[in-house]
Engineer: 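Once you've had a glance at the structure underneath, I'll fire off some questions.
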Amino acid sequence: MKNEQMALLFSEATPYIQKYHGKTMVIKYGGNAMINETLKNAVMNDLVTLTLLGVRVVLVHGGGPAINEMLKKVGVESHFVGGLRVTDDATMEIVQQVLAGKVNKDLVAKLRGRGVGLCGMDGQMLRCSELDAQLGHVGEITRVDTTLISSLLDGGYIPVIATVGMDDLGRAYNVNADTAAAKIAIALKAEKLVSMTDIAGLLRDKDDESTLIPEVEVSEIEGYKAAGVIAGGMIPKIGGMADAIYQGVHEAVIIDGRVPHSILLETFSDRGSGTLFYRRSHRE
């Protein structure tokens, strides 16, 4: 990169660095960016960069591919209803082992001492009740306790949160990671909620990335659902984003985790990345 290009890059980034300095950003991490080791390393480096620039970063992760792989190894078949995994007792044991264990600690290890691994059971962070009897151990979050998260952020750490919650009796529940990230963002009064996944963003035609919708005002979401543009696993993802925006989070964005440094491009450039969800009143 030439000196002039470098200067332009920093000039463009400066107002965004000022905007997000000292603010909280909740990042939901999933999809292909979690599988590809090169991308995973790039994402973790970007999160450290955000922290060094004064952004209070919270990483909330799922682990769908890793869970599916382990279930396949032990011969347990996966079933989904409305984008949510049906979780019986045997599946819940594996979800807890994989999510709060290997997946969580692998991410923490890549944050070079900046990350602290947690799950929603720690400090009763994610209190749950049963969402639907036919889904088994799938939890609906009833309360978020941010004490542990805030303490780590104040200490300069990145909380890395696996989305396993529990009820008042200590029973474990699998919680949809998009929903959990949104609830945590609301509880922390975050500036921004970012969903990093393996698609370019919200597409009018799911098979054609050139149909990317760059911005969506939250009142338009129901229309996109009626048209079938928002369907399947996108329903809880975008539903959580809408809830977050209506409850005070200023922006929510879906970005493509397959693109190296997409989180930095979204945060610190005029170009942005993916699909931005916003509320008109927040811009006025």
Side-chain angles (χ1 to χ4, degrees), residues 19-20 22-30 47 50 55-62 83-84 116 118-131 138-154 157-168 173-197 202 215-222 225 230 233-255 263 266-267 274-284:
K19 174 182 177 180
Y20 291 109
K23 300 290 176 62
T24 300
M25 184 181 297
V26 176
I27 299 167
K28 185 268 177 172
Y29 183 47
L47 299 189
L50 287 171
V55 183
R56 293 160 63 90
V57 175
V58 178
L59 183 64
V60 178
H61 68 85
L84 300 173
V116 177
L118 302 168
C119 82
M121 301 173 81
D122 294 316
Q124 293 188 319
M125 185 195 308
L126 300 179
R127 190 74 66 86
C128 299
S129 61
E130 188 177 73
L131 178 63
V138 174
E140 179 175 26
I141 297 171
T142 57
R143 180 170 172 266
V144 178
D145 187 327
T146 61
T147 305
L148 269 178
I149 304 172
S150 297
S151 178
L152 290 168
L153 289 171
D154 290 344
Y157 292 101
I158 300 171
V160 182
I161 303 169
T163 53
V164 176
M166 67 179 185
D167 65 13
D168 294 340
Y173 285 91
N174 184 21
V175 181
N176 178 270
D178 292 296
T179 305
K183 295 280 190 183
I184 290 167
I186 292 164
L188 288 170
K189 299 180 172 59
E191 177 72 18
K192 191 165 195 164
L193 170 63
V194 178
S195 179
M196 183 177 287
T197 185
L202 182 62
E215 289 193 351
V216 175
E217 208 280 335
V218 285
S219 64
E220 300 170 344
I221 289 173
E222 287 305 315
K225 284 169 73 173
I230 297 173
M234 291 294 270
I235 293 173
K237 185 186 300 293
I238 293 174
M241 293 188 150
D243 288 345
I245 290 169
Y246 280 124
Q247 294 185 60
V249 176
H250 283 179
E251 294 178 340
V253 63
I254 298 173
I255 63 173
I263 185 71
E266 164 54 32
T267 306
T275 300
L276 177 71
F277 295 82
Y278 69 97
R279 193 176 186 181
R280 193 165 288 108
S281 61
H282 288 165
R283 292 187 168 184
E284 293 171 352

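Computed from heavy atoms alone, side chains included, the values below leave out hydrogens, waters and symmetry copies. Computed from a predicted structure; not experimentally measured.
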Engineer: Using a 4.5 Å cut-off on heavy atoms from C-beta on, say whether the side chain of Lys189 contacts that of Thr24.
Structural biologist: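 Result no, sub-4.5 Å side-chain heavy-atom pair not found.
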Engineer: I'd like to check Lys237 versus Thr197 (side-chain heavy atoms, cut-off strictly below 4.5 Å). Are they in contact?
Structural biologist: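 Lys237 vs Thr197: side chains touch.
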Engineer: Do the side chains of Val58 and Ile158 get nearer than 4.5 Å, heavy atoms only?
Structural biologist: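 No, every pair of side-chain atoms sits at 4.5 Å or beyond.
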Engineer: So how far is it from Glu215 CD to Leu276 CG, rounded to the nearest 0.5 Å?
Structural biologist: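 These two atoms lie 5.0 Å from each other.
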Engineer: What distance do Leu126 atom CG and Ile141 atom CD1 have between them, rounded to the nearest 0.5 Å?
Structural biologist: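 Atom-to-atom, Leu126:CG and Ile141:CD1 are 4.5 Å apart.
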Engineer: Identify the heavy atoms of Ala244 and Leu193 that sit nearest to each other, and give their distance.
Structural biologist: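 Ala244 and Leu193 have their closest heavy atoms at CB-CD2, 4.0 Å.
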Engineer: List for me each residue that meets ring pair (Phe, Tyr, Trp, His ring centres under 6.0 Å) alongside Phe277, sequence neighbours excluded, and say none if there are none.
Structural biologist: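 Testing Phe277 for ring pair (Phe, Tyr, Trp, His ring centres under 6.0 Å), a comparison that skips the adjacent residues, returns none.
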Engineer: For Lys183, check salt bridge (charged side-chain N to carboxylate O under 4.0 Å, His left out) against everything at least two apart and list the hits.
Structural biologist: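 Counting only residues at least two positions away or on another chain, Lys183 forms no salt bridge (charged side-chain N to carboxylate O under 4.0 Å, His left out).
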Engineer: Go through the structure and list residues passing salt bridge (charged side-chain N to carboxylate O under 4.0 Å, His left out) with Glu220, not counting sequence neighbours.
Structural biologist: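 Once residues adjacent in sequence are excluded, Glu220 has no partner under the salt bridge (charged side-chain N to carboxylate O under 4.0 Å, His left out) criterion.
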Engineer: Not counting sequence neighbours, which residues clear side-chain hydrogen bond (donor to acceptor under 3.5 Å, both in side chains) with Thr179? List them please.
Structural biologist: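 Counting only residues at least two positions away or on another chain, Thr179 forms a side-chain hydrogen bond (donor to acceptor under 3.5 Å, both in side chains) with Asn176.
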Engineer: Check Leu153 against Pro159 and note the closest heavy-atom contact, atom names and distance.
Structural biologist: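 Looking at all heavy atoms of both residues, the closest pair is CD2-CD, 3.7 Å.
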Engineer: Mind checking what makes side-chain hydrogen bond (donor to acceptor under 3.5 Å, both in side chains) contact with Tyr20, not counting sequence neighbours?
Structural biologist: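 side-chain hydrogen bond (donor to acceptor under 3.5 Å, both in side chains) list for Tyr20, sorted by chain: Lys192, Glu251.
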Engineer: Applying side chain to side chain contact (heavy atoms under 4.5 Å, CB included) to Ile254 and Met241, what does each step give before you reach the verdict?
Structural biologist: CA-CA 9 Å; Ile254 298 173; Met241 293 188 150; 3.7 Å; yes
Engineer: Locate the shortest heavy-atom distance separating Gly22 from Arg56; write the atom from each residue and the value.
Structural biologist: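 Nearest pair, atom of Gly22 first, then Arg56: O-CD, 3.5 Å.
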Engineer: Shortest non-hydrogen contact from Thr142 to Ser129?
Structural biologist: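 Result for this residue pair: CG2-OG, 3.5 Å.
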Engineer: Please walk me through it: do Glu140 and Glu130 pass side chain to side chain contact (heavy atoms under 4.5 Å, CB included)?
Structural biologist: CA-CA 6 Å; Glu140 179 175 26; Glu130 188 177 73; over 6 Å; no
Engineer: In Å and rounded to the nearest 0.5 Å, what is the CD1 to CD1 distance from Ile230 to Ile238?
Structural biologist: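 Here the interatomic distance stands at 4.0 Å.
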Engineer: What pair of heavy atoms forms the shortest contact from Asp178 to Lys28, and how long is it?
Structural biologist: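 For Asp178 versus Lys28, the nearest heavy atoms are OD1-CD, 3.3 Å.
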Engineer: Mind checking what makes side-chain contact (heavy atoms from CB on, under 4.5 Å) contact with Lys23, not counting sequence neighbours?
Structural biologist: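 Expected list: Glu191.
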Engineer: For a 4.5 angstrom cut-off between non-hydrogen side-chain atoms, does Met234 reach Leu202?
Structural biologist: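 Yes - at least one pair of side-chain heavy atoms lies under 4.5 Å apart.
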Engineer: Just jot down the side-chain contact (heavy atoms from CB on, under 4.5 Å) partners of Met166, sequence neighbours excluded, or say none.
Structural biologist: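 With sequence neighbours excluded, Met166 shows a side-chain contact (heavy atoms from CB on, under 4.5 Å) to Met121, Gln124, given in chain and number order.
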Engineer: Atom CD1 in Ile184, atom CG in Leu59: separation rounded to 0.5 Å?
Structural biologist: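 Here the rounded value is 10.0 Å.
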Engineer: Under 3.5 Å, side chain of Thr163 to main-chain N/O of Val175, donor-acceptor pair present?
Structural biologist: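 Checked: pair present.
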Engineer: Would you compute the distance between atom CE of Met125 and atom SG of Cys119 and round it to the nearest 0.5 angstrom?
Structural biologist: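 Between atom CE of Met125 and atom SG of Cys119 there are 7.5 Å.
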Engineer: Of all residues at least two apart in sequence or in a different chain, which pass the side-chain contact (heavy atoms from CB on, under 4.5 Å) check with Ser151?
Structural biologist: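 side-chain contact (heavy atoms from CB on, under 4.5 Å) check on Ser151 returns nothing, list empty.
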Engineer: Rounded to the nearest 0.5 Å, how far does CG of Leu50 lie from CD1 of Ile263?
Structural biologist: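 Spacing of CD1 (Ile263) from CG (Leu50) equals 6.0 Å.
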Engineer: side-chain contact (heavy atoms from CB on, under 4.5 Å) with Leu148: which residues, sequence neighbours excluded?
Structural biologist: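 side-chain contact (heavy atoms from CB on, under 4.5 Å) list for Leu148, sorted by chain: Leu118, Asp122.
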Engineer: What pair of heavy atoms forms the shortest contact from Ser150 to Leu188, and how long is it?
Structural biologist: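 Where Ser150 meets Leu188 most closely, the heavy atoms are OG-CD2, 3.8 Å.
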